[in-house]
Number of protein chains: 2
Amino acid sequence: MTETQVLNYALNQFAGIDAAAFELSAPYWQRKTYGKGEFYNEYKNVCKYLGFILDGVFRTYYIDDESAEEKNVFFFSKNQVVVAYKSFVTQTPCSYYTESMTESTVLYIHINHLTELYGKSHHWERFGRLVAETAFNLAMNRAEEFMFRTPEQRYLELIRNHPDIFNNVPLYHIASYLGIQAPSLSRIRKRMVGK
Amino acid sequence: MTETQVLNYALNQFAGIDAAAFELSAPYWQRKTYGKGEFYNEYKNVCKYLGFILDGVFRTYYIDDESAEEKNVFFFSKNQVVVAYKSFVTQTPCSYYTESMTESTVLYIHINHLTELYGKSHHWERFGRLVAETAFNLAMNRAEEFMFRTPEQRYLELIRNHPDIFNNVPLYHIASYLGIQAPSLSRIRKRMVGK
DNA sequence: CTATATTCTTAACCCAAGTTAAGATCGTCA
DNA sequence: TGACGATCTTAACTTGGGTTAAGAATATAG
C-alpha cells in the first residue's frame with residue numbers, strides 16, 4: 001500500500017472521503033519527515049498546515065511563564081491528524097509548541113488548499129466539520145480528565161485508552177501530561193503495585 | 001427594543017447575520033422562561049435546542065459517580081448561547097445537567113430548523129462554524145485553566161473575566177467551578193486579603 | 001423585626017502532590 | 001564491556017486542598 005493509499009483509506013474511514021473527493025485533494029498533499037525534537041509548529045507561529053501522521057508521535061506543550069516548565073497538552077500519534085487547531089482555524093499565532101518525539105512522517109495540506117476543497121465538495125466540508133468536532137472532543141476530554149478525575153485515574157485511563165503513547169513516551173512526559181511531577185507519578189505507580 | 005430585535009442584533013454581532021438571513025430564521029425561534037432550578041437539558045437527554053439567553057444565568061454540571069457531588073463545568077449568562085454542544089451536534093445523550101440558576105428567559109431553535117438554515121444561507125453556515133469554534137474555545141480554556149493555573153489563579157481570572165457570574169452566583173458554586181471545596185475557597189480568599 | 005434557611009467561614013486533622021537532591025536503573029554506543 | 005547520559009525512583013520536608021463539623025454572617029419570609 002502506498003502512502004497515498006494509506007491516506008485515502010484513513011480519510012475515508014474518518015470522513016467518508018471517497019476516491020473522487022480524494023482525487024481533488026491529491027495535488028495538494030505534501031510529505032515531510034521529522035527528526036526527534038523537530039517542530040511541527042512553534043510558539044507564536046501561525047499554524048498553516050493540517051497534517052496526517054503516517055508514522056511517529058508528536059506532543060503539543062505549553063511553557064509556563066512562571067515555572068519555565070514544559071507542560072504537555074496533547075499527544076498525537078500514527079493515523080491521527082496533527083494540527084494546532086485554534087491557530088489553524090483562526091490563523092493567529094499559536095500559544096504552544098508542537099514537536100516530534102520520534103522520527104516521524106507526515107502528509108500535510110495548506111489551509112488555503114483545504115478551504116478551496118471545502119467549496120468543491122461537501123465531502124470536504126464534512127471533513128472540516130469532523131476535524132472541528134474532533135478538536136472539541138480532544139479539548140473537552142482533557143478538561144473532563146482534570147475536572148473529574150484524580151491523577152491516579154488519569155494515569156490508568158491513559159494506559160487503557162492510549163497504550164501506544166504509554167509505551168512510546170518516557171514517564172516524565174507522561175507525568176507532565178497528567179499534570180503532576182515525575183516523583184508523584186513514581187509514588188502513584190508504587191502505590192498501585194499493591195493492588 | 002423587542003426581544004426579537006435583541007436577538008437579531010446579537011446574532012449580527014456574533015456571526016454577521018443580517019436582516020435578510022435573520023428573516024429566514026424568524027419563524028423558528030421560540031421563547032421560554034425558566035424558573036430557578038429548572039432544567040434546560042438533563043443527563044441522558046439528547047439536547048435538541050440551541051438557546052440564546054435574553055436574561056438569566058445557567059450552569060452545566062456533572063454528577064460524580066463516586067462522590068455523588070455536583071461539579072460545575074460551565075456557566076452561561078445573558079447574551080450568550082446555551083447548549084449542550086456535544087449532545088447537540090451528535091444528537092446523543094448528554095452527560096450533564098444544565099439548569100437555570102435564576103429566573104431566565106431564552107429564545108431557542110430546534111436543531112432541524114438550524115440545519116435547514118445551514119442549507120439556505122452561508123450566513124447560517126458561518127453561524128454554525130462560529131458556534132463550533134466557541135464551543136471549542138470554551139472547552140480548551142477550561143482545560144488550560146486546570147492544566148496551567150492554580151486554584152487561586154483560576155479564582156482571580158474568573159473575577160476578572162466573568163464579573164457577571166462572580167456577582168450572581170453563590171461562592172460554593174464558584175468553588176465547584178474552580179475544582180475545589182468551599183472551605184478551600186474561603187482559605188484562598190482569606191490569604192488574599194493580605195495582598 | 002424576628003425566625004429561619006441559606007451561605008460563608010473557621011478550626012483541626014489528614015493526605016497527596018510539590019520540591020529538591022541524591023542515588024538507582026536503564027540504554028546506548030564507543 | 002564499560003562509561004556516559006537519560007530516565008526513574010526514593011527520601012525528607014513543605015505546602016495546600018480535602019473532610020467534617022461547628023459556628024458566624026447574610027438573606028428571606030412571615
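So that the names make sense, note that chain A is the first sequence line, chain B the second, and so on, each numbered from 1.
- The side-chain tip of A/R154 points at the ring of A/F146 from less than 6.0 angstrom away and within 45° of straight on.
- For the residue pair B/T4/B/T2, the side-chain donor-acceptor check at 3.5 Å is not satisfied.
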| field | nucleotides 4-23 of chain D: protein proximity per nucleotide (B base, S sugar-phosphate only, - neither; heavy atom, under 4.0 Å) | value | ---SSBBSB---SBBBB---
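- Rounded to a whole Å, the OH atom of B/Y155 is 12 Å from the C1' atom of C/dC8.
- A side-chain N or O of A/S77 and one of A/D164 form a donor-acceptor pair less than 3.5 Å apart.
- Using a 3.5 Å distance cut-off with no hydrogens or angles, the side chains of A/R31 and A/Y108 do not pair a donor with an acceptor.
- Surrounding CD of A/Q153 are more than 12 heavy atoms belonging to other residues, nucleotides or ligands, all under 6.0 Å away.
- If you look at B/Y118 and B/F127, their ring centroids are not closer than 6.0 Å.
- Between A/F75 and A/Y177, the ring center distance clears the sub-6.0 Å criterion.
- Ring geometry, B/Y96 versus B/Y62: the interplanar angle exceeds 60°, so the pair is classed perpendicular (tilted spans 30 to 60°).
- Pairing analysis of DNA chain D (Watson-Crick: purine N1 to pyrimidine N3 plus N6-O4 or O6-N4; G-U wobble: N1-O2 and O6-N3; both under 3.5 Å) yields stems of 3 or more pairs at C:1-7 with D:24-30, C:9-22 with D:9-22, C:24-30 with D:1-7.
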